[in-house]
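Sequence lines set the chain letters: A, B, ... in the order given, protein chains first and strands last, and positions in each chain run from 1. Just so you know, these numbers use all the heavy atoms, side chains as well, and skip hydrogens, waters and symmetry mates.
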Amino acid sequence: MQRLGSLHHHFFLGSRKPLLNPCPFYSFISICTFSYSPDSTEVIYDNLLKSCDGLAFLKQIHSVLTTTSLIDKSPHLGAQIIIKYAQFGDPNSARALFDHINIHGDKPSSFLWNTMIRAYANGGHCFETLQLYSVMHRAGISPNNYTFPFIFKVCASNSLILLGKVAHGDALKTGFDSDLYVEAALVDMYAKGDQFCDGRKIFDEMSMKDLVCWTAMITAYEQAEKPEEALILFQKMQQEGLLADSVTIVSVASAIGRLGDAKRAQSVHCYAIRHLFLEEICVANSVIAMHAKCGDMDKACLVFDMMDERNSISWNSLLSGYTQNGKASEALLLFDEMRDSGCEPNPVTALIMVAACAYLGSSHLGRKFHDFILDSKMKVDMNLWNALMDMYAKCGDLETAVEIFSGIHPSERDVCSWNVLISGYGMHGYGKEALKLFSRMQEEGVEPNHITFTSILSACSHAGLVDEGRKCFRDMTKSVTPEMKHYACMVDMLGRAGLLQEAFDLIKEMPAPPNDSVWGALLLACKIHGNMELGKIAANNLFQLEPNHTGYYVLMSNIYAASNRWQEVGKLRQDMKNKGLKKPAAFSVIEYGSEIHGFHTADHENPYWQEVYRKVESLTIEMKLAGYIPDLSCALHDVEEEDKEHILNYHSEKLAVAFGILMINSGMAIRVTKNLRVCNDCHLAFKYISCIYGRRIIVRDANRFHHFQGGSCSCKDYW
DNA sequence: GTAGGGTTAG
């Protein structure tokens with residue numbers, strides 16, 4: 001009513017004494033109606049509508065216009081009210097008015113039809129938009145350059161390209177296809193509908209392209225995961241003399257984020273600062289996400305901290321940045337900060353946090369978030385169910401993952417749901433079950449994608465199902481072109497099985513030069529099977545491709561050490577030193593109630609370290625009595641045998657398991673997560689411990705799960 | 001004479 005007050009004052013201009021009416025609005029309306037000519041009345045209501053900022057007020061104006069029949073006399077006012085209803089998210093009231101005009105007033109003009117179509121389209125009411133479009137045709141009203149953009153828009157956002165094509169035909173027939181707005185909408189629709197060529201063709205043939213068209217095309221490439229093309233187009237646009245605005249920058253920043261190109265990220269950031277775009281929340285959000293994807297959380301935080309106003313997307317961008325960069329604990333802290341700030345977590349926030357729990361391997365935290373999601377009554381869509389399944393599987397609780405999967409109606413499950421479960425079975429070593437699921441999925445008519453094949457090949461690899469894996473790979477090549485990651489899975493599978501030559505032959509047959517993951521798989525296999533010659537070939541390729549990746553130096557030096565080639569070990573260590581590379585510290589965590597306890601190799605940081613060390617020593621004696629012989633090859637240092645055994649005893653995973661034996665109730669499984677691969681000697685020791693103490697020990701290492709029980713491991717010593 | 005297009009987290 002504040003704005004009305006100012007209008008009130010303005011229009012009165014002292015012509016009448018203010019009435020002693022409890023409702024100034026009605027007195028004002030009645031005065032307007034009786035004191036002015038129809039034209040000026042329309043102007044006044046038009047101004048009133050323009051200043052109207054709430055649904056209740058709008059309904060008041062609407063009802064006055066209805067009772068005075070003005071609504072039937074002024075198509076302009078009718079349209080304004082329809083626009084306002086749409087703005088306030090009430091398309092049904094808009095439609096009721098439209099129908100009223102259609103019956104009681106003059107037949108609606110094409111302007112009014114467009115207004116109504118726009119109301120539906122902007123509110124995301126796809127069906128109603130298209131239905132009204134067809135009713136419009138039947139009513140003999142011809143669509144125009146204001147109609148088509150909205151029709152294409154709903155077709156684009158609802159993947160109704162066929163319907164869009166029909167409307168495109170209408171545009172061609174009526175000659176509106178060469179309107180700049182219509183063309184931009186067409187580019188957008190075809191590009192979003194995976195019909196790049198059609199979109200690009202229209203774009204290329206446009207006689208005049210404005211910034212919006214360029215941006216639509218750039219955005220389309222970015223959304224289709226073609227960031228390189230998006231940036232090439234962006235460059236071309238600049239060469240044509242067009243200056244990027246904030247919308248363009250949002251898409252360009254996303255494209256750079258996808259590429260992880262830190263250098264270009266910096267220059268876009270500067271551009272956004274220079275043009276004051278960073279003050280817009282959309283731009284700041286996309287710049288945060290861009291830096292995060294480039295691995296620069298400091299810059300992402302800087303932008304976030306400088307924002308005057310943040311929305312849930314700002315928080316989610318930073319949260320997801322932390323998770324993507326392996327800083328899950330920071331994400332947990334930020335989540336609390338988000339809630340303290342009064343920003344309510346939404347389903348995307350939940351998705352990110354569930355992924356953070358999966359990364360940490362903490363089923364305790366994961367459950368807490370699951371409860372939080374259920375308590376908050378937020379809508380759990382299929383993406384979130386899939387993330388929850390993935391989290392449970394990665395936290396070692398495959399049973400709950402399967403339970404969730406079974407609870408989802410078969411028609412609701414998407415390809416990702418199946419992929420999550422297949423890879424869950426795979427990482428727990430249940431290759432046969434993964435294969436069964438793979439068949440079941442296809443029987444139920446769900447088409448496998450490239451991720452399904454990665455999951456199934458990796459499941460075969462972990463379970464040593466070489467023949468089945470080979471068959472899947474062959475079948476796969478019939479429907480999809482194998483990508484680098486599929487070759488990496490195959491090399492991994494063949495290599496682990498000791499078929500090193502076959503793995504190497506496959507590499508040589510690859511249509512494109514192998515990347516680091518392919519050579520890395522071969523190097524790992526060479527380490528497992530002690531093949532120095534092939535190992536050297538793999539390592540040399542890796543040192544070229546990824547000269548700063550510590551893991552490959554460590555693997556190769558392990559191969560040398562296992563053969564007592566201490567000179568080569570020393571040389572590699574020197575190389576690492578010269579490059580300033582450090583071997584990542586082994587780290588294991590174990591959950592104890594709601595506490596998380598971490599252990600480094602031979603550290604004294606844990607408050608219980610003395611008890612834990614004593615337990616490790618007594619465990620060693622008990623195991624030796626049962627026949628355990630330490631696997632000294634795992635202590636890859638050039639030291640005396642006795643010292644080697646000492647080093648082995650204090651590996652982080654052994655400390656964590658000893659802690660578990662000491663603290664965790666005997667009926668419960670001991671769950672340990674390690675950042676690197678579990679060592680051979682620890683693996684052997686846990687088999688003994690599981691037998692002597694009758695305990696279930698579940699270890700998640702960098703690669704997969706190991707379930708130790710009754711003296712054996714679910715990986716059947718194959719990992 | 002009244003109206004319109006391209007945008008960020010997963």
Ignoring backbone atoms, test whether [X] places a side-chain nitrogen or oxygen under 4.0 Å from the OP1 or OP2 oxygen of [N].
X	N	result
A/K153	B/dG4	no
A/K192	B/dG5	no
A/Q223	B/dT8	yes
A/R118	B/dA3	no
A/Q80	B/dA3	no
A/K209	B/dG5	no

[options]: which one has an atom nearest the side-chain heavy atoms of [X]?
X	options	answer
A/T248	B/dT8, B/dA3, B/dG6	B/dG6
A/F111	B/dA3, B/dA9, B/dT7	B/dA3
A/V247	B/dG6, B/dG5, B/dA9	B/dG6
A/I83	B/dA9, B/dA3, B/dT8	B/dA3
A/I352	B/dG4, B/dG10, B/dT8	B/dG10
A/L180	B/dG4, B/dA9, B/dG5	B/dG5
A/L351	B/dT7, B/dG10, B/dA3	B/dG10
A/D188	B/dT8, B/dG6, B/dG5	B/dG6

Contact class for [X] (heavy atom, under 4.0 Å): base, sugar-phosphate, or nothing?
X	answer
A/L318	nothing
A/D381	nothing
A/S320	sugar-phosphate
A/N145	base

Can a salt bridge be assigned to the pair A/K84 and A/D90 using a cut-off of 4.0 Å between side-chain N and carboxylate O?
no

Output yes when A/R367 and A/D371 qualify as a salt bridge under the 4.0 Å nitrogen-oxygen rule, no when they do not.
no

From [atom1] of [X] over to [atom2] of [N], roughly how many Å is that when rounded to an integer?
X	N	atom1	atom2	result
A/L186	B/dG4	CG	C1'	14 Å
A/F335	B/dG10	CZ	P	17 Å
A/E280	B/dT8	CD	P	14 Å
A/M116	B/dT2	CE	C1'	17 Å

Do the numbers put [X] on top of the ring of [Y], so that NZ or CZ is under 6.0 Å from the six-membered ring centre and no more than 45° off the axis?
X	Y	value
A/K59	A/Y85	no
A/K209	A/F203	yes
A/R413	A/F405	yes

Any N or O donor-acceptor pair linking the side chain of A/N114 to the base of B/dG4 at under 3.5 Å?
no

Is there a donor and acceptor pair, one atom on the side chain of A/D179 and one on the base of B/dG4, closer than 3.5 Å?
yes

Less than 3.5 Å apart, which donor and acceptor atoms pair up between the side chains of residues 329-344 of chain A and the rest of the protein, not counting sequence neighbours?
from   : atom 1 : to     : atom 2 : distance (Å)
A/S341 : OG     : A/M338 : O      : 2.7
A/S341 : OG     : A/C343 : N      : 3.4

Is there aromatic stacking of A/Y146 on B/dA3 here, judged by a ring-centre distance under 5.5 Å and a plane angle under 30°?
yes

